[in-house]
Every structure is written in C-alpha cells, then in structure tokens.
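Taking it in order: structure first as structure tokens, then the write-up.
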Amino acid sequence: MPLSRPRRGSDRAAVRRGGNLMESDALYEQRLEKLRRLRAAGEPVYERAFPDREPVQEAIEGFAEGRRMRLAGRIHSIRGHGGSAFADLRDATGRIQIYLRRNLLPEGVFDRVRDLDIGDIVGVEGTLFVTKTGEKTLEVRGLAVLSKALREPPLGKSKDDRHWYALADTETRYRRRYLDLMANEDARRVFLVRSRVIRGIRAFLDARGFAEVETPIMQPVPGGAAARPFVTRHRALHADLYLRVAPELYLKRLLVGGFEKVYEIGRNFRNEGISTRHNPEFTMLELYEAYADYGGIMRLLEEMVSSIARDVLGGDSITFRGKEICLSPPWARLPLLQAIRDRTGEDLSPERGEAEALAAAGRLGLEIEEPRTYAKIVDEALKGRVVPALLDPVFLTEYPVALSPLARRSPGQPLLAERFQAFAGGLEIANAFSELCDPLDQRERFEAQIAARRLGDEEAHRMDDDFIAALEYGMPPAGGLGVGVDRLVMLLSGADSIRDVILFPQLKPEHR
RNA sequence: GGGGGCGUAGCUCAGUGGUAGAGCAGCUGCCUUUUAAGCAGUCGGUCGGAGGUUCGAAUCCUCCCGCCCUCACCA
C-alpha cells in the first residue's frame, strides 16, 4: 500500500499510513515542483541514458589533476554556497565529491542546481582537481539530471566512520532493501560477500571436476529432508506438486545415470517457522561424489570453506559474534553421542533403547513434542545442549540411523550411520553422509518413516517408488553433502540473522 | 502460541503526571574551495490505535495493532 503515491491534500499532516515508509505530502510536492521546473528548463529527466561514463573508483584511484572524466551516480549530500555548490556523488564503486560553479557551467545550468535534492541521479562531466582541503574532486562543466528522486532517501550523514541519522528501522531495512543498500555500507558489504562466496563455491567445485546441474524445484513427491513442504497445484496436469525441500533424491538419480561428481546450488522451500536462522526459502549447495564416503566429504568441505574464507576475507580466521574462529583445516571430529555425553553426562546410545533415552530427556529437562521418538530426543539434546557451544568448526559424526534415513550404516555399528554435520559459530552449516545405495535397506527406511508419519510426524519422509527403482538399477557408493549457503554467508560476513544475508527475506505480508 | 523489548516530526532520538523538544532533512534569505559547511529565519507531530483513571496523560491501567528478540517449532 505505501507503494502508491502519497495522497494529495492536507499539507500539514504527514501521511501516516505505512508509518515511516511514507513521505509527507509537503516534501513530495516540493520535489514534484522541482521536477516540473527542471523539465521546463529543458532538462529531459527520466528520458535519457548516460553512456561512456567511468566508474567513480577510477576517478579516485586513477586521479590526475586536470583529467577529464564522465561520472554518474546518486547525490548523497549537497552543500550550496551561493554561486557554487559541493555534492557527494556515489556509484557502485565509490564516492567522490563534485564541485559545481556558476561560471564554469553552460549558461543557465547552475540554476538547476537549486532543484537538485539528495537522492537525485545525475551524470556529470568535468575535470579532476584537489580542493584546498585536499579532497579529490570533479569540477563539473556539464550536468545531466537523469532521474529525480521524488521521495527523500534515508541517507544519513557521515564523517570518517561515524554516522548520523542512518536508516535503522529493521522492518524498513528488510521490506525496502533498496533503501538499506543505499543507506548502509554494511548491507552492501554483506551481499558482496554473498556473491563472492557463491562464486567461490562454483570455482572450487568446477576446478575439481564437478558438473553443475539443475533438478526440479516442483516435485510430485517431496523428499531428501524431513520438512513440511509447500504445495501448489498444476492445473493442466490436474496434480498437486510440491516445492522441493531438498534436491537430494534427484541428484542421486544422476549418479545412477552415470554422473560421478555433481552439484546444485539452488533454492529449497520449507513450510516451517521463521527465525534468525531460518527463512522459508533458502539456498542450499548439494553435491555428490561417486566412490567417496563421508570422510572424503569432510576433507572437501573444510578445504572449500577455508579456501573461500581466504579468497573473500583474505584469511581463514574470522571474528563471529565477538569470538575468534579459525577455519583452517583440519576441523575437529567428534562422535555425536560423545558430544552429548560430554555436554550433558547422558548416554543416548541407540542400543540402550528408547525408554532409556526418554528417561535421560526427562533428567535433562528437554521438552519434546509427540511422538517422542528416539530420533527426536537425540535431535533435541543436540540442538538444545550441544550446538550453541560449537564455536570453532567441528564435525559431529556417527548419527543414529533413526535420524538419518538416507545414510549408510556404519560397518559394525548397524544403529549408527556414517553421517556428519558441520558446525561453526553455533550454526549448523552442513550435513553429509555416506549415501545409502542399498535399495532394500532404503525401502525399509522409507517404511519406517511412513510409520512415523502415521504416528503424526508430518516431517517424516514419504515413499518415493521411482527413487527406489533408480537404486534398484544400481547406484555407486557415494559421499553427499548439503551446505546451508545462507548460514555460511552469515558466518563469513558476521551477520546475526539470516535476514541480513537474504536480499528480500520473507516477512509477514504488509497490510493495514 | 509463551516470555521480553520497542513504537514520539521525513530520519536519528530526548522527554515517567502539568498540556511536545533537539539535531539533521525541508522551505526562505545571505554566501563562488565546502564536507555533520556556516549564519539568520521558518514549516512540520490527534506522542501506533481504542478505551479507562485523573482537574490534567506521550507518561499510569486495560485491550488491540505493528515490528524485533527469545522459547517452542525448524533432523
């Protein structure tokens, strides 16, 4: 609703619908009037491109007194001095000061400077010089007002690293990310880190012979993770389809087909709660390597993360939430049940049985929803008591099979699976296992999941007959990995919330 | 859903019972090397909403709305 134009009418009351998202009528009208004046003076606002401009960064780094340059960007501040004015111009590469002087501009052009506002987008041409206070500045000889900002952007003032009046309201920052990006240097930095991380993942895997593939986002049977799916309806097919909760079962079909190293980076969708670590749609890297196992995947992951950290941050040591974390390999390895024993003193080994686990859960004061299965108890103990303490990167290994319906059993320990999850900074960033390639065992695991579903576990897996059929044609042994890319970016950028690393995070629909 | 916090001018915020403030932004002047430009003047708020207590409410009480955090949920 606040996307509509502010109401006309009363010029004394700010339009309050939409709260701080709305400019007052008076400010809007003033800017409209300036637009009219600019157009009347022959300025074709909104109507032309500004080709052949150079990046602002080039003006700063390639500075030479008297160098002629064409620059374009948004005006972030303007300081008028009667017959002259200074303004700060910013483009994607940096900020530079421009100097506008009546007798240096073509006849009549300086009059348009008074109709410039913070937020306007201009193209300028002129020569570089240094002011008497030592600042590199463009002396403008030609000015083009390209776009007028009719609303005042929330650009604070700043000097050095101190800032005034910046946009702070979290709701506005998330709903109108463009304002956040305009106003907050740190927001821009985080999304650049994100871009580099994803590029780094691709470069790392491509260099190791992995093929990037794309598998269905709309799936007839959602699988590969325990999560509630979003449902949608395909009209022509007269069928329900599900937005994928994971690409896993399709990627494994590719192993059956003969691909040996594949990965996919893409969006998964889970119809579950939203928190600082969860967004309904999130980006996952999944990869599979035939003939490998979870040990090989551990080495791949620790190497990938530390090398990306070096590329993006220039080192593999990071400060996350005030703690120093070293990402250089090798990362610690710790069996899950031992980690739980270390933190809680309780032994949740599967052979001790569900009743014993339930008793332990009671002693630990864990609140567990029905059905209170062994798998859930272990999971609760892990998430509640162990994960938050895992700051330095660590692989927790050997998960109960009951928690891991797609993972291969450990040799000699049939109730445990060759699985690990990687944690750092208190965040779960990856999940991996030696993939189960035994179609008979897989069918039994699915049947156990279906039994759990019948008991009310809506997140349990469904039967996927076609996937079983694929396994029956023979899938090579393989190691598989899933990485929460958003969380990895959180870790590497120091973000406190997943919403700070997703450009347009899911929020409650705006209404009023 | 439980618990906590917040909501005052376009922005950032003061103001805890006496009738609404500052800086910045805006507007009007002056100012041709400023940079949180400066100087002078000026506009702007049903203090999230409704009800209540009170001689008097931004302030106290109740309910509601919105957002954030946290717990639960999310292998």
Side-chain angles (χ1 to χ4, degrees), chain A residues 6 11-31 33 76-88 95 97 99-104 110 117-119 129-135 137 139 151-160 162-175 179 183 225-228 245 270-280 282 336 367-369 373 375-380 382-384 387 399-400 402-407 419 421 428 431 457-461 496-497 499 507-508 510-512:
Chain A
D11 63 357
R12 39 186 277 272
V15 178
R16 296 212 52 78
R17 292 186 313 163
N20 57 24
L21 300 184
M22 191 75 80
E23 301 301 325
S24 75
D25 277 355
L27 294 181
Y28 191 93
E29 289 297 337
Q30 277 160 6
R31 283 175 176 244
E33 181 53 34
H76 275 243
S77 70
I78 188 160
R79 302 173 285 284
H81 292 266
S84 71
F86 289 91
D88 290 331
R95 183 208 75 94
Q97 175 169 265
Y99 179 51
L100 302 132
R101 197 158 114 182
R102 180 177 291 282
N103 61 4
L104 294 175
F110 189 77
D117 286 303
I118 290 170
F129 76 109
V130 178
T131 65
K132 68 184 183 192
T133 54
E135 178 156 359
T137 301
E139 189 176 80
R151 298 172 185 244
E152 184 191 344
L155 301 175
K157 293 195 170 188
S158 62
K159 178 176 187 170
D160 304 325
R162 293 193 297 165
H163 299 276
W164 287 264
Y165 329 117
L167 174 69
D169 179 67
T170 49
E171 184 179 2
T172 307
R173 288 187 47 230
Y174 295 146
R175 284 196 199 281
L179 297 180
R228 288 173 218 218
V245 296
R270 297 187 183 175
N271 203 343
E272 287 160 351
I274 295 175
S275 79
T276 48
R277 290 171 302 283
H278 302 268
N279 195 61
F282 63 100
L336 166 67
E367 289 177 23
I368 295 161
E369 252 196 2
T373 58
K376 280 201 171 183
I377 294 164
V378 172
D379 194 44
E380 278 306 313
L382 169 65
K383 284 187 301 185
V387 171
Y399 279 55
L403 246 66
S404 315
L406 301 164
R419 173 181 175 186
Q421 289 188 307
E428 177 200 335
N431 180 31
D457 183 354
E458 293 182 48
E459 288 146 19
H461 271 78
D496 289 322
S497 168
R499 289 174 166 179
L507 301 175
K508 282 191 194 173
E510 197 172 16
H511 70 287
R512 271 178 64 82

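Within every chain, numbering begins at 1; the chains are lettered A, B, ... in the order of the sequence lines, protein sequences first and strands thereafter. Quick note: numbers below take in every heavy atom, side chains included, and nothing from hydrogens, waters or symmetry partners.
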With both distances under 3.5 Å as the test, what is the Watson-Crick or G-U wobble partner of B/rC24?
B/rG10
Strictly by Watson-Crick or wobble contacts shorter than 3.5 Å, is anything paired with B/rC63, and which nucleotide is it?
B/rG49
Mind checking A/Y399 for me? I need base, sugar-phosphate or nothing, with any heavy atom below 4.0 Å counting as a touch.
nothing
Without swapping roles, check the side chain of [X] against the backbone of [Y] for a donor-acceptor pair under 3.5 Å.
X	Y	result
A/R499	A/T170	no
A/E272	A/R228	yes
A/T137	A/E135	yes
A/R270	A/V245	yes

Nearest to the A/Q30 side chain among B/rG26, B/rC73, B/rU33, which nucleotide is it?
B/rG26
Looking at B/rC73, I'd like to know if its phosphate oxygens (OP1 or OP2) sit under 4.0 Å from a side-chain N or O belonging to A/R270.
no
Closer than 4.0 Å, any side-chain N/O of A/T276 to the OP1 or OP2 of B/rC69?
no
Quick check: on RNA chain B, is the nucleotide nearest A/I78 upstream (toward 5') of the one nearest A/A168, or the reverse? Name the residue that is more 5'.
A/A168
Taking for each residue the nucleotide of RNA chain B bearing the nearest heavy atom, is the 5' side occupied by A/P405 or by A/R31?
A/R31
Examine the base of B/rU34 for any acceptor or donor lying under 3.5 Å from a partner atom in the side chain of A/T131, and report the outcome as yes or no.
yes
Ignoring hydrogens and angles, answer whether the base of B/rU33 and the side-chain atoms of A/E135 contain a donor-acceptor pair closer than 3.5 Å.
no
Interatomic distance, A/E171 CD vs B/rC69 C1' [rounded to whole Å]:
15 Å
Could you state the atom-to-atom distance from CD of A/E380 to C1' of B/rC73 in whole Å?
9 Å
